[in-house]
K.L.:
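One structure is given below, represented as C-alpha cells, and several questions about it will come after.
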2 protein chains.
Amino acid sequence: MSIRNPKQALYEQFAIVAKALGHPLRLEMIEHLAQGARSVEVLAAKLARPVANISQHLQALRRAGIVSAERDGKFVHYSLADDSVLSAFAAVRGVAERQLAEVDRIVRGYFDARDDMQPVTRRELRRLMRDGLVTLIDVRPADEFALGHVPGAINVPLGKVRAWSADAAIGREIVAYCRGPWCVMSFEAVAALRALGHSARRLEDGMPEWKAAGLPVEVAA
Amino acid sequence: MSIRNPKQALYEQFAIVAKALGHPLRLEMIEHLAQGARSVEVLAAKLARPVANISQHLQALRRAGIVSAERDGKFVHYSLADDSVLSAFAAVRGVAERQLAEVDRIVRGYFDARDDMQPVTRRELRRLMRDGLVTLIDVRPADEFALGHVPGAINVPLGKVRAWSADAAIGREIVAYCRGPWCVMSFEAVAALRALGHSARRLEDGMPEWKAAGLPVEVAA
DNA sequence: CCGTCATTCAATGGAATAATTGAATGACGG
DNA sequence: CCGTCATTCAATTATTCCATTGAATGACGG
C-alpha cells in the first residue's frame with residue numbers, strides 16, 4: 001500500500017462506494033434488497049444467476065458498506081446497510097435520467113410513447129385512496145408484498161394481472177406500483193390492463209421510496 | 001451488442017454513471033469542477049497530473065453525462081452537467097461516511113482527535129455573521145474565491161493563513177471553509193490558527209453545498 | 001459424528017480499465 | 001498559410017475486474 005495523504009485516502013474511500021454501485025447486476029441486487037432482506041440463494045434465484053456469482057457480488061457490496069449480513073442458522077440474510085444507500089441509488093438514477101438520453105429512449109421505447117404515461121404522484125394517490133376513487137394493486141411477488149406494502153393495496157403479482165382484471169369493473173381507475181420508478185413490472189401491468197380496456201396508471205415510484213418518504217406501511221400478519 | 005431487455009438496459013445506464021464516479025481522481029475532479037468551470041490545462045495543474053490523463057478522465061465523465069464541455073477558442077471549459085451530480089456525489093459520500101469506519105479513522109487521524117472538531121453549521125454561521133461575532137475566511141485559491149464565495153468572507157488562501165493571522169485579534173473566533181466537507185484545506189487552516197492561539201472552527205461543508213442550499217453567493221466584480 | 005445444504009473461497013481465463021507516451025487535430029495570431 | 005498552443009486520440013503495458021468452476025467451510029438434523 002503506497003503512502004497517501006488524507007485527501008487522497010478519503011477520495012479512495014468514496015470511490016470504493018461508487019465503484020461498488022458501478023455494475024448493473026449489483027444495482028439490480030440493491031433494488032431487490034430494498035424490498036427486504038434476502039438470502040444468497042433466494043437472491044440468486046430471483047436474478048437467475050449462479051449462486052457463487054451473487055455471493056461474490058454481495059461480498060463486494062459488503063466491503064463497500066452498502067449491504068449488511070446477518071447469519072441465521074445455515075442462511076445468511078443480506079439487507080441494505082441503511083437508508084443512505086437508497087439515497088445514493090436514487091441520486092445516481094437522477095443523474096442518469098437527467099443526463100443520459102439513452103435512458104429516456106429506453107423508457108419511451110418500452111411504452112411506445114403512444115399515450116400519456118404521466119404517473120400518479122404519491123400525494124395524488126393518497127388523496128385518491130382516501131376518497132375511494134381508485135383500486136391500488138401491488139404487482140410484486142407475494143413474498144415482497146408480505147414484507148411491506150402500501151395500506152389498502154391488493155397484491156396482484158404480474159402474472160396474475162390478466163386473470164384478476166376479469167373481475168374488475170371497467171371504468172374504475174387502477175393504479176399499479178412495484179419496486180421503484182424504473183421497475184418494469186408496473187409498466188407491463190399498466191400496458192396489459194389498458195389493452196383489456198381498463199383505465200390504468202403507474203405510481204411514480206415504488207415501495208422503497210414510499211417507505212423512505214415516511215408514509216405508512218402495512219405488513220402481513 | 002447483445003440483446004437486452006429494457007430492465008437490464010436501464011441498469012446498465014445507471015451503472016455507467018456510478019462507474020464514472022468510481023475513481024478517486026475523477027471524484028477529485030468533480031469537486032474542483034463544483035467550484036466553477038475549468039479548462040483541461042488548469043484542472044491538470046490543480047491536480048498535478050499529466051494533461052492527457054485528465055483529458056481522458058474528462059471524456060469518461062462526459063460520456064456518463066456528469067460533466068459538460070463548452071469550447072471557447074483554443075480552450076475547452078468543463079463544468080458539472082447539473083446539480084444532480086452534486087447530489088450524487090453527496091449521496092455517495094453519505095454512504096461512505098456512515099458505513100466506512102475507515103473514513104472516520106482518516107478524519108480523526110488527520111486532526112489527532114485532540115479537541116472538539118464540532119463544525120459550525122450553515123445556520124449557525126449565518127447567525128454569527130449577522131451578529132458580527134466571527135471572522136469568516138475562505139481558504140481556497142483566489143481564482144475559486146472570485147467565482148463565488150459566501151458574502152462577507154475574506155479570501156485567505158491556505159498558504160497565507162499564517163501571515164494573515166498575525167494581524168487578527170486573538171479572541172475573536174474565526175470560521176474557515178473551502179471546497180466541501182472533506183476538503184482538507186479548512187482542516188489545515190483551523191489547525192494552523194489554533195496552533196497560533198486563535199479560536200477557530202470549520203464550516204460543516206463548503207462552497208458547492210452553500211450554493212446548493214440556495215444561500216446568497218457573492219461574485220467578484 | 002456424519003451427511004446435507006447454504007454459503008464462501010480459490011483458481012482460471014477473458015475482458016475492461018488506467019497511466020504513459022507520442023502523435024494528431026483544431027483554432028488562433030501573425 | 002504557417003507556427004503555436006490547448007486538447008484529443010492511439011497504442012502500449014500493467015492492473016483490476018468479472019464469470020465460471022470446483023473445492024472448502026460452517027451449521028443443522030439425524
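So that the names make sense, note that chain A is the first sequence line, chain B the second, and so on, each numbered from 1.
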K.L.:
By nearest heavy atom, map A52(B) and G22(A) onto DNA chain D; which one lands nearer the 5' end?
P.N.:
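Result of the comparison: A52(B).
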K.L.:
May I ask you to establish whether R62(A) and Y78(A) are in a cation-pi arrangement, using a distance under 6.0 Å from NZ or CZ to the six-membered ring centre and at most 45° from the ring axis?
P.N.:
no
K.L.:
Identify whether any heavy atom of A60(B) sits under 4.0 Å from a base atom; if not, whether one sits that close to sugar-phosphate; answer base, sugar-phosphate or nothing.
P.N.:
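No contact.
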K.L.:
Hey, which of E31(B), E144(B), E209(B) is the one that makes salt bridge (charged side-chain N to carboxylate O under 4.0 Å, His left out) with R179(B)?
P.N.:
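Of the listed residues E31(B), E144(B), E209(B), the salt bridge (charged side-chain N to carboxylate O under 4.0 Å, His left out) partner of R179(B) is E144(B).
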K.L.:
Mind listing the closest non-hydrogen atom pair of P181(A) and R202(A) along with its distance?
P.N.:
O-NH2, 2.8 Å
K.L.:
From the options dA19(D), dT8(C), dT7(D), select the nucleotide whose nearest atom is closest to the side chain of V51(A).
P.N.:
dT8(C)
K.L.:
Quick one: is Y78(A) getting a side-chain N or O under 4.0 Å of the dT8(C) phosphate, OP1 or OP2?
P.N.:
yes
K.L.:
Taking only N and O in the side chain of R71(B), is any of them less than 4.0 Å away from OP1 or OP2 of dA6(D)?
P.N.:
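Indeed not, no polar side-chain atom of R71(B) lies that close.
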K.L.:
To the nearest Å, give me how far apart CG (N53(A)) and P (dT21(D)) are.
P.N.:
11 Å
K.L.:
dT8(C), OP1 or OP2 - any side-chain N/O from H57(A) closer than 4.0 Å?
P.N.:
no
K.L.:
Send over the distance from L21(A) CG to dC17(D) P, rounded to a whole Å.
P.N.:
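Roughly 15 Å, once rounded to whole Å.
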K.L.:
Calculate the interatomic distance between F75(A) atom CZ and dT25(D) atom C1'; express it in whole Å.
P.N.:
16 Å
K.L.:
In whole angstroms, how far is the P atom of dG26(C) from the CD atom of E41(B)?
P.N.:
20 Å
K.L.:
Any base atoms under 4.0 Å from R62(B), or only sugar-phosphate, or nothing? Heavy atoms, all strands.
P.N.:
nothing
K.L.:
What nucleic acid atoms does Q59(B) come within less than 4.0 Å of, heavy atoms only: base, sugar-phosphate, or nothing?
P.N.:
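Sugar-phosphate, backbone atoms only, no base.
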K.L.:
In whole Å, I'd like the distance from the CG atom of D72(A) to the C1' atom of dC28(D).
P.N.:
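Atom CG in D72(A) sits about 11 Å away from atom C1' in dC28(D).
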K.L.:
Just the rounded figure in Å: distance from C1' of dG3(D) to NZ of K74(B).
P.N.:
10 Å
K.L.:
May I have the distance from Q56(B) (atom CD) to dT21(C) (atom P), rounded to whole angstrom?
P.N.:
13 Å
K.L.:
In terms of ring plane angle, is the pair Y11(A) and F14(A) parallel, tilted or perpendicular, where the classes change at 30° and 60°?
P.N.:
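It falls in the perpendicular class, over 60°.
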K.L.:
Are the side chain of R49(B) and the backbone N or O of A44(B) linked by a donor-acceptor pair below 3.5 Å?
P.N.:
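Checked: no pair found.
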K.L.:
Closer than 4.0 Å, any side-chain N/O of S55(B) to the OP1 or OP2 of dT8(D)?
P.N.:
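It does, given that an N or O in the side chain of S55(B) lies less than 4.0 Å from OP1 or OP2 of dT8(D).
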K.L.:
Tell me the interatomic distance from H77(A), atom NE2, to dT7(C), atom C1', rounded to whole angstroms.
P.N.:
12 Å
